[in-house]
**Student:** 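Take this structure, written in structure tokens, and hold onto it; I'll ask about it next.
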Amino acid sequence: MRTSAGSDVEQLPRSALRELQSERLRSVFGIELEALAEAPFTSKAALREAYPFGLLRVPVSSLARVHASSGTHGKPTVVGYTRADLEVWTELMARCMTMAGVQPGMLVHNANTYGLFTGGHGFHQGAERIGATVIPVSGGFTARQAMLLRDLGGQVLVSTPSYALVIAQAVRDAGIDPSSLSLELGLFGGEPWTDGLRAEIERELPGLRAVNFYGLSEMCGPGVATECLPVRDGLHVNEDHFLVEVVDPETGSVLEEGSEGELVFTTLTKEAMPLLRYRTGDIGSLTFEPCECGRTFARIRGLRGRRDDMLIIRGVNIYPSNVEYLLLSVEDVAPHYQLVVTRPGAMDELLVQCEPASVDVNVEGLRERVETLLREHTGIRIPVEVLEPGGVQRSEGKAVRVVDRRAAS
Ligand code: DLL
């Protein structure tokens with residue numbers, strides 16, 4: 001049974017969970033769990049080479065659905081689902097949304113885009129399965145989002161974290177008092193975000209508690225790992241369906257619990273497109289400590305974002321989430337920013353663009369404060385440009401944090 005404290009399988013002792021995983025791994029890939037570390041990886045490049053359907057284990061005609069990732073780095077990654085795959089995904093979304101506090105009868109305002117992106121349909125299916133009421137608003141038409149939140153009284157907002165802030169702004173622009181809305185929960189994911197951004201969203205939308213959802217199309221979409229509402233310390237991986245490892249991004253060797261590295265997943269129940277040791281490119285760490293909520297599944301901590309988004313500026317590694325963390329600790333900064341990368345000579349240069357929280361802020365003083373903070377924390381001088389309020393491009397889905405102008409410079 002699905003309860004907020006977790007179903008039986010979510011509370012399995014780890015030895016029983018390992019047995020279940022061993023069985024499933026053997027039946028899908030013919031590999032013993034003990035020998036997993038020697039099994040080959042599957043890379044994103046392999047998926048790209050097989051574009052669009054080369055990695056399917058079933059005929060295209062037996063697929064019930066196709067989705068795709070947004071493909072910020074080239075062609076989209078196309079994934080297929082059999083009926084059974086859709087059923088597992090729906091059940092996992094119901095489990096994750098229950099874990100995040102969604103209850104039957106709640107009104108779910110789904111502002112994730114419906115389409116190839118898994119975020120729209122995934123949350124829709126989960127909400128229906130729980131017995132909640134879905135409002136399939138999809139992304140975009142932001143002024144209308146605000147009106148519908150007020151008029152229909154959504155209690156659960158589903159979107160990317162960056163778009164939640166855009167919606168909050170639209171609420172204020174429409175002259176609606178955000179605390180008059182019925183929002184109780186925010187289910188956010190699809191892009192990296194820091195605790196600072198979480199605090200910002202919860203301040204902008206009072207009454208809402210924000211919960212982190214992680215996933216990727218190649219596994220199923222959202223539904224891979226989620227925080228539990230009462231603890232919100234790490235994202236519980238649905239380990240009965242996905243094996244998770246953290247590996248050294250350079251050598252590929254499996255890292256110990258707690259070490260930061262690249263997340264690698266193996267599907268244990270996928271029919272259409274099973275993937276063995278899939279290298280996500282996402283950086284984080286794992287803990288196998290049981291959670292205070294009672295769940296025993298591994299938790300992902302310190303999700304920083306994709307290694308591809310890591311910039312090396314004068315020898316210093318910088319993730320957009322590092323910049324977000326620092327920026328949001330500065331008073332008078334709005335939670336909108338972009339990192340502009342150029343290559344004027346042989347080396348990459350970075351410019352951080354941000355916005356003041358209001359028109360009354362002394363822009364020059366703010367620029368100096370942010371530059372000082374960045375220098376103190378990175379050891380290098382990173383120029384900052386404070387744009388006008390609204391000057392940083394807003395997104396209706398995943399925010400574009402890195403603007404790559406290296407080819408043009
Ligand atoms: O973004 C699935 C999803 C939708 C998850 C909505 C959660 C909510 P893709 O479009 O294939 O699938 O993109 C997957 O997005 O490899 C990460 O780099 C990033 N990502 C997703 N969720 C998070 C998160 C969906 N909570 C890629 N924190 C992943 C950090 C995230 N990064």
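One-based numbering, in listed order, for ligands and for the atoms of each. Every heavy atom of this structure was used, including side-chain atoms; hydrogens, water molecules and symmetry mates were not.
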**Student:** Considering only heavy atoms, does Phe117 approach ligand 1 within less than 4.0 Å through its side chain, its backbone, both, or neither?
**Tutor:**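 Side chain only.
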
**Student:** Check the surroundings of atom CZ in Arg405: do more than 12 heavy atoms from other residues, nucleotides or ligands lie under 6.0 Å from it?
**Tutor:**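 Atom CZ in Arg405 is not packed in, count stays at 12 or less.
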
**Student:** Given Phe265, Phe123, Phe188, Trp193, identify the one with the heavy atom nearest to atom 6 (C) of ligand 1.
**Tutor:**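 Closest candidate by heavy-atom distance is Phe123.
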
**Student:** Closest non-hydrogen protein atom to atom 29 (C) of ligand 1, residue and atom name please, with distance?
**Tutor:**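 Result: Asp282 OD2, 3.2 Å.
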
**Student:** Could you list which atoms of ligand 1 come closer than 4.0 Å to a heavy atom of Leu303?
**Tutor:**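 Under 4.0 Å from Leu303, ligand 1 has these atoms: 24 (C), 28 (N), 30 (C).
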
**Student:** How close does the nearest protein non-hydrogen atom get to atom 5 (C) of ligand 1, and which residue and atom is it?
**Tutor:**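 Checked against all protein heavy atoms, atom 5 (C) of ligand 1 sits closest to Gly215 N, 3.6 Å.
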
**Student:** Test your reading of the structure: does Lys398 have an N or O sitting under 3.5 Å from an N or O of ligand 1?
**Tutor:**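 By distance alone, the answer is yes.
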
**Student:** Anything under 3.5 Å between a donor and an acceptor, one on a side chain of residues 269-276, the other on a protein residue two or more places apart or in another chain? List them.
**Tutor:**
from   : atom 1 : to     : atom 2 : distance (Å)
Thr269 : OG1    : His241 : ND1    : 2.8
Lys270 : NZ     : Met219 : O      : 2.9
Glu271 : OE1    : Thr82  : OG1    : 2.7

**Student:** I'd like to know if Glu202 pairs up with Arg209 as an ion pair, taking the criterion as any Lys NZ or Arg NE/NH1/NH2 lying under 4.0 Å from an Asp or Glu carboxylate oxygen.
**Tutor:**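 Salt bridge absent between Glu202 and Arg209.
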
**Student:** Return yes if a side-chain donor-acceptor contact under 3.5 Å exists between Glu10 and Ser7, otherwise no.
**Tutor:**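 Yes, a side-chain donor-acceptor pair sits under 3.5 Å.
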
**Student:** Show me the donor-acceptor pairs within less than 3.5 Å that the side chains of residues 333-341 make with the rest of the protein, sequence neighbours left out.
**Tutor:**
from   : atom 1 : to     : atom 2 : distance (Å)
Tyr337 : OH     : Glu324 : OE1    : 2.7
Tyr337 : OH     : Arg401 : NE     : 3.3
Gln338 : NE2    : Val400 : O      : 3.0

**Student:** Salt-bridge test for Arg295 and Glu239: reply yes if a basic N is under 4.0 Å from a carboxylate O, no otherwise.
**Tutor:**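 Judged by the 4.0 Å cut-off on N to carboxylate O distance, Arg295 and Glu239 do not form a salt bridge.
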
**Student:** Give a yes or no on whether a salt bridge exists between Arg314 and Glu349, defined as a side-chain N under 4.0 angstrom from a carboxylate O.
**Tutor:**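 Yes, charged N to carboxylate O under 4.0 Å.
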
**Student:** Give the single entry among Gly305, Gly119, Gly190 that approaches atom 7 (C) of ligand 1 most closely by any heavy atom.
**Tutor:**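 Closest candidate by heavy-atom distance is Gly190.
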
**Student:** Does Phe213, backbone or side chain, put an N or O under 3.5 Å from an N or O of ligand 1?
**Tutor:**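 For ligand 1, there is an N or O atom that lies under 3.5 Å from one belonging to Phe213.
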
**Student:** Indicate, as side chain, backbone, both or neither, the part of Asn212 found under 4.0 angstrom from ligand 1 when only non-hydrogen atoms are considered.
**Tutor:**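 Contact part for Asn212 vs ligand 1: side chain (C-beta onward).
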
**Student:** Between Lys44 and Glu262, is the closest basic N to carboxylate O distance under 4.0 Å?
**Tutor:**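 A salt bridge is absent here (no side-chain N lies under 4.0 Å from a carboxylate O).
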
**Student:** Considering Arg307, Lys44, His121, Glu191, which one's heavy-atom position lies nearest to atom 31 (C) of ligand 1?
**Tutor:**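 Among Arg307, Lys44, His121, Glu191, the closest heavy atom to atom 31 (C) of ligand 1 belongs to Glu191.
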
**Student:** Suppose we measure from atom 11 (O) of ligand 1 to each protein heavy atom; which comes out shortest, and what is that distance?
**Tutor:**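 Ranked first by proximity to atom 11 (O) of ligand 1 is Ser217 OG, 2.5 Å.
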
**Student:** Heavy atom under 4.0 Å from ligand 1: found in Leu216's side chain, backbone, both, or neither?
**Tutor:**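 It is both parts that get close, each with some atom under 4.0 Å.
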
**Student:** Are the charged groups of Arg301 and Asp233 less than 4.0 angstrom apart, N to O?
**Tutor:**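 Judged by the 4.0 Å cut-off on N to carboxylate O distance, Arg301 and Asp233 do form a salt bridge.
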
**Student:** Please could you name the atoms of ligand 1 that Arg306 approaches to less than 4.0 Å, counting only its heavy atoms?
**Tutor:**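 Counting from 1, the qualifying ligand atoms are 16 (O), 18 (O).
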
**Student:** What atoms of ligand 1 come closer than 4.0 angstrom to any heavy atom of Ser69?
**Tutor:**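 Counting from 1, the qualifying ligand atoms are 11 (O).
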
